[in-house]
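See below for the structure under consideration.
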Amino acid sequence: MDFHDKREIPPKYIYLFLAFVCFILLILSAIFESKFSALKAVTSAIITPMQEGINGAGSSIYNKVTIEKEKEALMEENKKLSELLDEKSAQIKIYEQESYELKRLQQLLELQEQYTDYKTIGARVIATDSTNWFSTFIINKGEKDGVKVGCNILAGNGLAGIVTEVGTDYAKVRALIDDNSNVSANISGTKTLCTVSGDLNVIEDGYINVGYINKADIIEDGSELVTSHVSEKFLPGLLIGYITDVEMDANNLTQSAKCIPAVDFTNLQEVLVILDLKSDFKTNSVNKNIYDSISDSSEEGGQNEGIPDNQKSSEDSTNESEDSEDNEDSAGNSREESEDDGNHTGNSGDESGDNQDPAEE
């Protein structure tokens with residue numbers, strides 16, 4: 001017999017035959033249940049473990065597939081939540097920064113309200129030197145904004161410095177703590193004058209130096225230091241800081257102290273520029289500038305007292321020229337008077353000598 005010529009039965013026919021057999025057995029087992037009990041026991045003993053194994057394998061595969069799907073879903077959800085958390089964290093940081101900036105601007109506005117008699121403009125610090133302290137820094141306002149050399153700079157709770165250089169859209173500021181900074185000041189509420197000097201070596205300890213305090217003056221710790229009316233560059237009444245540690249100098253003629261600045265020079269971001277200069281600032285407030293009361297009294301005293309010196313001199317020269325014309329008309333009388341004056345020259349010389357002795361002393 002040649003096996004190569006044998007035809008193979010298709011699998012579908014085999015499946016149909018087995019299904020038909022199972023169907024017949026199912027009917028017979030239903031009809032003749034008692035007679036097939038032994039067969040049921042045998043088939044149960046064989047098929048039940050197979051079913052349990054198949055069910056266990058199926059459950060395991062199902063659980064793994066389900067867990068994997070849940071894991072992927074959780075990872076996707078975690079990714080979305082992480083992105084949302086990063087977004088919210090970034091928004092919180094922005095809100096915190098805006099809140100911090102708003103707080104600084106509110107402080108600057110409060111500072112501006114303290115000095116309403118001055119014309120001011122806000123500015124932002126855009127550069128500083130290489131140190132940790134803002135001893136010199138640059139702001140983003142310049143000549144086009146009305147800023148000039150000598151403009152006072154406010155920040156925090158008081159005076160920060162003075163403009164030393166101006167460009168079109170920038171200005172350089174020298175802070176109070178700079179080594180080259182010296183400010184004439186007085187203790188608020190008193191007549192005590194002193195000098196506040198910047199020193200980058202001692203600002204590390206949180207203070208700057210105060211010197212030339214009269215030894216007879218009694219100064220209390222915590223007293224406010226403000227710019228003096230005798231200062232050439234700084235407007236009067238600007239808060240500098242608070243005095244502490246007053247002690248007598250070695251010369252026993254003056255006192256020295258420390259000043260805790262009213263401005264935090266470790267972090268300056270926004271400042272207030274006073275556009276009024278000390279040289280041309282005028283105000284109606286007698287408490288703002290001591291020279292106001294003098295100018296007011298001079299205007300009441302007479303017309304010539306309020307005129308500048310150069311105008312006075314020109315007016316005096318005009319009067320002198322008119323007097324000289326009158327003197328030319330009375331030349332004869334002047335000659336006679338000069339002869340009479342010549343007779344008294346010796347006496348006047350003696351008198352001038354007597355007046356000169358005290359002056360030399």
Side-chain angles (χ1 to χ4, degrees), residues 104-105 107-129 133-186 195-198 200 208 225-241 261-265 267-292 294-295 306 308-311:
R104 295 197 312 267
L105 294 176
Q107 291 177 348
L108 204 64
L109 180 60
E110 292 175 359
L111 185 64
Q112 184 181 25
E113 291 175 351
Q114 294 178 15
Y115 302 98
T116 53
D117 287 346
Y118 299 127
K119 183 180 179 182
T120 58
I121 184 174
R124 187 180 297 273
V125 177
I126 57 175
T128 183
D129 52 15
W133 297 91
F134 285 70
S135 58
T136 57
F137 54 90
I138 297 175
I139 58 176
N140 63 343
K141 294 296 173 67
E143 290 179 349
K144 67 178 184 179
D145 304 295
V147 180
K148 302 176 183 178
V149 173
C151 284
N152 297 175
I153 303 297
L154 302 176
N157 294 320
L159 181 65
I162 190 170
V163 174
T164 57
E165 180 183 335
V166 178
T168 304
D169 54 1
Y170 79 93
K172 186 176 182 180
V173 180
R174 182 178 66 233
L176 290 180
I177 62 174
D178 190 75
D179 293 333
N180 298 320
S181 177
N182 288 286
V183 183
S184 177
N186 73 287
T195 300
V196 179
S197 303
L200 292 176
I208 50 181
L225 273 176
V226 297
T227 50
S228 171
H229 59 275
V230 300
S231 175
E232 296 181 356
K233 299 180 179 180
F234 291 93
L235 294 162
L238 304 180
L239 179 63
I240 299 174
V263 178
D264 181 11
F265 289 98
N267 185 22
L268 288 177
Q269 298 191 33
E270 290 87 17
V271 298
L272 200 64
V273 184
I274 299 180
L275 301 179
D276 301 300
L277 298 178
K278 177 61 184 291
S279 58
D280 56 11
F281 177 73
K282 294 180 181 179
T283 178
N284 295 326
S285 173
V286 295
N287 297 323
K288 184 64 67 175
N289 195 331
I290 192 174
Y291 297 108
D292 294 337
I294 297 176
S295 61
D309 294 338
N310 56 356
Q311 294 182 7

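Model, not experiment: these values are computed from the prediction.
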Would you say the side-chain atoms of [X] pair up with the backbone N or O of [Y], donor to acceptor, closer than 3.5 Å?
X: T227; Y: G237; answer: yes
X: K144; Y: G167; answer: no
X: K141; Y: G122; answer: yes
X: D276; Y: K119; answer: yes
X: D178; Y: N180; answer: yes
X: K278; Y: S231; answer: yes

Heavy-atom side-chain contact between [X] and [Y] under 4.5 Å:
X: I162; Y: I153; result: no
X: D169; Y: N140; result: no
X: V263; Y: L176; result: no

Straight-line distance of [X] [atom1] to [Y] [atom2], nearest 0.5 Å:
X: E270; Y: L109; atom1: CD; atom2: CG; value: 12.5 Å
X: L272; Y: E110; atom1: CG; atom2: CD; value: 12.5 Å
X: I139; Y: I126; atom1: CD1; atom2: CD1; value: 8.5 Å
X: L159; Y: L154; atom1: CG; atom2: CG; value: 6.5 Å
X: L235; Y: C151; atom1: CG; atom2: SG; value: 9.0 Å

At their closest point, which heavy atom of [X] faces which heavy atom of [Y], and how far apart are they?
X: T136; Y: K172; value: CB-CE, 4.5 Å
X: A171; Y: V163; value: CB-CG1, 4.1 Å
X: A123; Y: V273; value: CB-CG2, 4.1 Å
X: L268; Y: A155; value: CD2-CB, 3.8 Å
X: S184; Y: V230; value: OG-CG2, 3.3 Å
X: I208; Y: S197; value: CB-O, 3.7 Å

Can you check side chain to side chain contact (heavy atoms under 4.5 Å, CB included) on Y115 and L239, steps first, answer last?
CA-CA 11 Å; Y115 302 98; L239 179 63; 3.9 Å; yes
Trace of the side chain to side chain contact (heavy atoms under 4.5 Å, CB included) decision for Q269 with V125
CA-CA 5 Å; Q269 298 191 33; V125 177; 5.6 Å; no
Can you tell which of T195, I240, L225 makes a side-chain contact (heavy atoms from CB on, under 4.5 Å) with V183?
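Output: one option passes, namely I240.
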Do N186 and V226 pass the side chain to side chain contact (heavy atoms under 4.5 Å, CB included) test, and can you show the C-alpha distance, the side-chain angles, and the key distance before you say yes or no?
CA-CA 6 Å; N186 73 287; V226 297; 3.6 Å; yes
Given the rule in the side chain to side chain contact (heavy atoms under 4.5 Å, CB included) test, do L238 and Y118 qualify, once you have shown the distances and angles that lead to the verdict?
CA-CA 11 Å; L238 304 180; Y118 299 127; 3.9 Å; yes
